[in-house]
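First the structure, in the form of structure tokens, and then the observations on it.
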Amino acid sequence: MALTKQTITDKIESVRTDNYFTLQVRESVRVLEDNNLLSQSFHRYTLAPDTDTSTISDPVVLAQFNAVMTDEVKANYQTFLASQTLPE
């Protein structure tokens, strides 16, 4: 009777907002006993275009991020952020 815990990325979605994208990532945390699923939970997080790529440890998520977050997308996101700043 061996218990194991697995964390896998099971969903990556590119979501368009105005002229930029964010990535929504879902991780599945599974507890297995002799390869039979006992429990499963999910953890979700988002990645904005200005995310520091050194913090992305999953190579598939990193590849998706690099494919989607072009210089144009990053510039559009910075323009969006600047438009959200309140005038002084």
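Residues: numbered from 1 along the sequence shown.
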Can you name the residues that form a side chain to side chain donor-acceptor pair (under 3.5 Å) with [X], not counting sequence neighbours?
X     : answer
Glu33 : none
Thr51 : none
Asp50 : none
Asp52 : Ser54

Output the distance between atom [atom1] ([X]) and atom [atom2] ([Y]), rounded to the nearest 0.5 Å.
X     : Y     : atom1 : atom2 : result
Ser28 : Lys11 : OG    : NZ    : 11.0 Å
Leu3  : Leu38 : CG    : CG    : 6.5 Å
Glu27 : Thr9  : CD    : OG1   : 4.5 Å

Quiz item: With distance as the sole test, does Asn19 use its side chain to make a donor-acceptor pair with the main-chain N or O of Asn76 at under 3.5 Å?
Solution: no

Quiz item: Do Arg30 side-chain atoms and Leu32 backbone N/O form a donor-acceptor pair below 3.5 Å?
Solution: no

Exercise. Sort and list the pairs that fulfil side chain to side chain donor-acceptor pair (under 3.5 Å) and have at least one residue in residues 62-74, not counting sequence neighbours.
Key: Ser14-Gln64

Quiz prompt | Hydrophobic cluster partners of Val73 (side-chain heavy atoms under 4.5 Å) | solution = Ile12, Tyr20, Phe21, Leu23, Val25, Tyr45, Leu47, Ile56, Val60, Val61, Leu62, Phe65, Val68, Met69, Tyr77, Phe80, Leu81

Quiz item: If we only count heavy atoms from C-beta on, is the Lys5 to Val29 side-chain gap below 4.5 Å?
Solution: yes

Quiz item: What residues form a side chain to side chain contact (heavy atoms under 4.5 Å, CB included) with Gln24, not counting sequence neighbours?
Solution: Glu13, Val15, Thr46

Quiz prompt | Ser57: side chain to side chain contact (heavy atoms under 4.5 Å, CB included) partners, not counting sequence neighbours | solution = none

Quiz prompt | salt bridge (charged side-chain N to carboxylate O under 4.0 Å, His left out) partners of Arg26, counting only residues at least two apart | solution = Asp10

